[in-house]
Amino acid sequence: MLVLGIESSCDETGAAVVSDTGEVLSDVVQSQVIHAEWGGVVPELASRDHARNVLPVVREALARAKTSLDAIDGIAVTCRPGLVGALLVGVQAAKGIAFGAHKPIVGVDHLLGHLLAVFLKRDEKPREDPAFPFVALLASGGHTAIYRVDGPHESMVRELGATRDDAAGEAYDKVAKLLGLGYPGGPVVDKLAAKGDATAIDLPKPMASKKSLEMSFSGIKTEIARMVREKPPKSDAEIANICAAFQRVVTSVLADKLLAAASLEAVHDVVLGGGVAANSELRRRVTEGAAKLGMRAHVPPLASCTDNGAMIAYAGAMRLKRGDRDGWDLAATSATVLPRATRKGRGAR
Ligand code: KG4
Ligand code: ZN
C-alpha cells in the first residue's frame, strides 16, 4: 500500500510517499524561513506560505517517488493539533486531491505521527523496529510528553506525564532568543553547548523527583532571563557556557523521566520523537542510559524527528490498512485527541 502524506500544522509544508511497511519513497519538506525575523512562528504568514507551497511540494513528492496519483492507495493529512489556519490549508488540499483522484482520505493526529516516525525506513543502514508496547518521549516546539504506545492507533496511546508549562523546544527557542541566537533555537544552542562548559553555571534541575513523570521548563528559562539581564554574557565562550548548562539540565530531565517511565511500565523499548529528539546530548543520554538498564533505545534519524509528511503518511497507512476512512467533513482542529494526564499549569489530573 502506498500513501501520500501531507503535513502543514506549523511552519513546515511537507509531502511524502510512504508504504505501509514504512519505506520512504520520497519526503519533501519546505521549511518556512519567513518567521526568523519575528523570533517565532506568525500564524497568518504560515497559512499563506502553506497555501503557496502545498501543491508544488505534493508534485515534488510524487515526482521524487517516481509515481503518480494513480498508484497511490490513499491520502493522509495532519488534521490536528496545530495552528488551525495552517492545518486548514493541508486538509483542504488533501480533500481536493482525494476528491479529484477518487482516493480515500484519512486525518492523522500530528503527535501520533511523531510517535510512529521511528518506523520510517529511509536510505540508511537497516534498523530494528521497536516492539509494542514501548514508551516514547515526544519533545517538540509545541508538546513535551511521555507516552505508553501499545499499538499504532490513537486509542492505543496513553500519556504518562507531560510538561506543566513550556514545551522543551519552546524553552530552547526562548533561551536562544534571550542570547540573540535567532530562531529556531534548538540546533544552534545544541551546537554551542558542545563547545561550552556546563559546570561553569549552576542551574537547578526542575521536577527532579524520580517518582513524578511531570516536567517543567519555564523556571529554567526565567532563571536564564534573569542571569542574562543581571550579567549579560560578554564573550562567545560565556554564551556557550550558558547553552551547555541549559542543555545539560533539559536533556537530563527528559532522559531521566523517559527511562523512569519505561521502568515503571516494565517496558523494554524506549523511543524518541519530535524536533528536540534531534538534540545530540539527548540522543546520547537516552542511548547510554537505556543500555545501562538493559533497555533498547530507538533514536530515529534527524529527518524523522522534525516535522515531515512521511510520518503522517505512515500513521495514515495504519488507519487505511484497517479500513478507516474519513468523510469530506474532516475538520482541522487545534487540540490533540490523545488523552492528557497532565493539566498545563496544574499538575497531574
Ligand atoms: O517537531 P518540530 O519540528 O515542530 C513542532 O511540532 O514543534 O520541533 C521543532 C522544535 C523547535 O523548538 C526547535 O528549536 C527544536 O524542535 N529543535 C531542537 C533541535 N533541533 C530542533 N531542540 C534541541 N536540539 C536540537 N538539535
Ligand atoms: Zn511536530
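Read the numbers this way: they start at 1 and go in the same order the structure lists the ligands and their atoms. Quick caveat: nothing in here was measured; it's all calculated off a predicted structure. All values below were derived from every heavy atom in this structure, side-chain atoms included, with hydrogens, water molecules and symmetry-related copies excluded. Along the sequence shown, residues are numbered consecutively beginning with 1.
Each of the atoms 20 (N), 26 (N) of ligand 1 lies under 4.0 Å from some heavy atom of Ala278. Atoms of ligand 1 lying under 4.0 Å from at least one heavy atom of Ser140, given by number and element, are 1 (O), 5 (C), 6 (O), 7 (O), 8 (O). Counting the atoms of ligand 1 from 1 in the order shown, those under 4.0 Å from a heavy atom of Pro187 are 19 (C), 20 (N), 21 (C), 25 (C), 26 (N). Near Gly142, with a cut-off below 4.0 Å to any heavy atom, the atoms of ligand 1 are 7 (O). Those atoms of ligand 1 that come under 4.0 Å of a heavy atom in Gly185, given as number and element, are 14 (O). Contact atoms of ligand 1 toward Gly169: 12 (O) (distance under 4.0 Å to a heavy atom of the residue). Heavy-atom contacts of His114 reach the following atoms of ligand 1: 1 (O), 6 (O) (cutoff under 4.0 Å). Of all atoms in ligand 1, numbered sequentially from 1 with element shown, those under 4.0 Å from a heavy atom of His110 are 6 (O).
Taking a 4.5 Å side-chain heavy-atom cut-off between Ile, Leu, Val, Met, Phe, Trp and Tyr, the cluster of Val28 extends to Val57. Applying the 4.5 Å side-chain rule to ILVMFWY residues, one finds that Leu88 remains a lone member of its cluster.
Sorted by first and then second residue, the ring-ring contact (aromatic ring centres under 6.0 Å, His included) pairs involving residues 143-182 (not counting sequence neighbours) are Tyr172-Phe246.
Below 3.5 Å of separation, one finds an N or O of Asp190 facing an N or O of ligand 1. In terms of polar-atom proximity, defined here as any N/O pair under 3.5 Å, Gly141 does make such a contact with ligand 1.
A salt bridge links Arg80 to Glu154: at least one charged side-chain nitrogen sits closer than 4.0 Å to a carboxylate oxygen. Ion pairing of Asp256 with Arg285 is absent here, as no side-chain N (NZ or NE/NH1/NH2) approaches a carboxylate O to less than 4.0 Å. Ionic pairing of Lys174 and Asp166 is present here: one or more N-O contacts between side-chain nitrogen and carboxylate oxygen are shorter than 4.0 angstrom. A salt bridge is absent between Glu23 and Lys121: the closest approach of a Lys/Arg side-chain nitrogen to an acidic carboxylate oxygen does not fall below 4.0 angstrom. Salt bridge status for Lys195 with Asp236: absent, with no side-chain N to carboxylate O gap under 4.0 Å.
In this structure, Lys191 falls outside the shell of residues with a heavy atom less than 4.0 angstrom from ligand 1. Ligand 1 has no atom lying under 4.0 Å from any heavy atom of Cys10. Judged by the shortest distance from any of its heavy atoms, Gln247 lies outside the 4.0 Å radius around the atoms of ligand 1.
In Arg296, the CZ atom is crowded: over 12 heavy atoms of neighbouring residues, nucleotides or ligands sit closer than 6.0 Å.
When the heavy-atom distances from atom 15 (C) of ligand 1 to Thr78, Val188, Val276 are ranked, the shortest goes to Val276. When the options Gly274, Ser31, Gly186 are ranked by their closest heavy atom to atom 22 (N) of ligand 1, first place goes to Gly186. Across Val175, Asn308, Asp11, Asn279, heavy-atom proximity to atom 23 (C) of ligand 1 is greatest for Asn279. Nearest residue to atom 12 (O) of ligand 1 from Asp173, Thr306, Thr144 is Asp173 (criterion: closest heavy atom). When Gly113, Ser9, Pro81, Gly275 are ranked by how near their heavy atoms come to atom 8 (O) of ligand 1, first place goes to Gly275.
With values rounded to the nearest 0.5 angstrom, His298 atom NE2 is found 3.5 Å from Asp269 atom CG.
A pairwise comparison of heavy atoms in Val270 and Ala262 identifies CG1-CB, 3.4 Å as the closest pair. The minimum heavy-atom distance linking Cys243 with Leu192 is given by the pair SG-CB, 4.0 Å.
Using a 4.0 Å cut-off between heavy atoms, His143 makes no contact with ligand 1 at all.
Considering only heavy atoms from C-beta on, Ile105 comes within 4.5 Å of Lys95 through its side chain.
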Quiz item: Can Glu265 and Arg158 be said to form a salt bridge (Lys or Arg N to Asp or Glu O under 4.0 Å), step by step?
Solution: CA-CA 11 Å; Glu265 293 292 315; Arg158 186 158 56 86; 3.5 Å; yes
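Classified by interplanar angle (parallel below 30°, tilted 30° to 60°, perpendicular above 60°), the ring pair Phe119/Phe132 is tilted.
Remark: the backbone N or O of Asn241 is not paired with any side-chain donor or acceptor of Asp197 at under 3.5 angstrom.
Of all protein N/O/S atoms, those under 2.8 Å from the Zn ion (ligand 2) are His110 NE2, His114 NE2, Asp307 OD1, and waters are not counted.
With respect to atom 4 (O) of ligand 1, the closest heavy atom belonging to the protein is Asp307 OD2, 3.1 Å.
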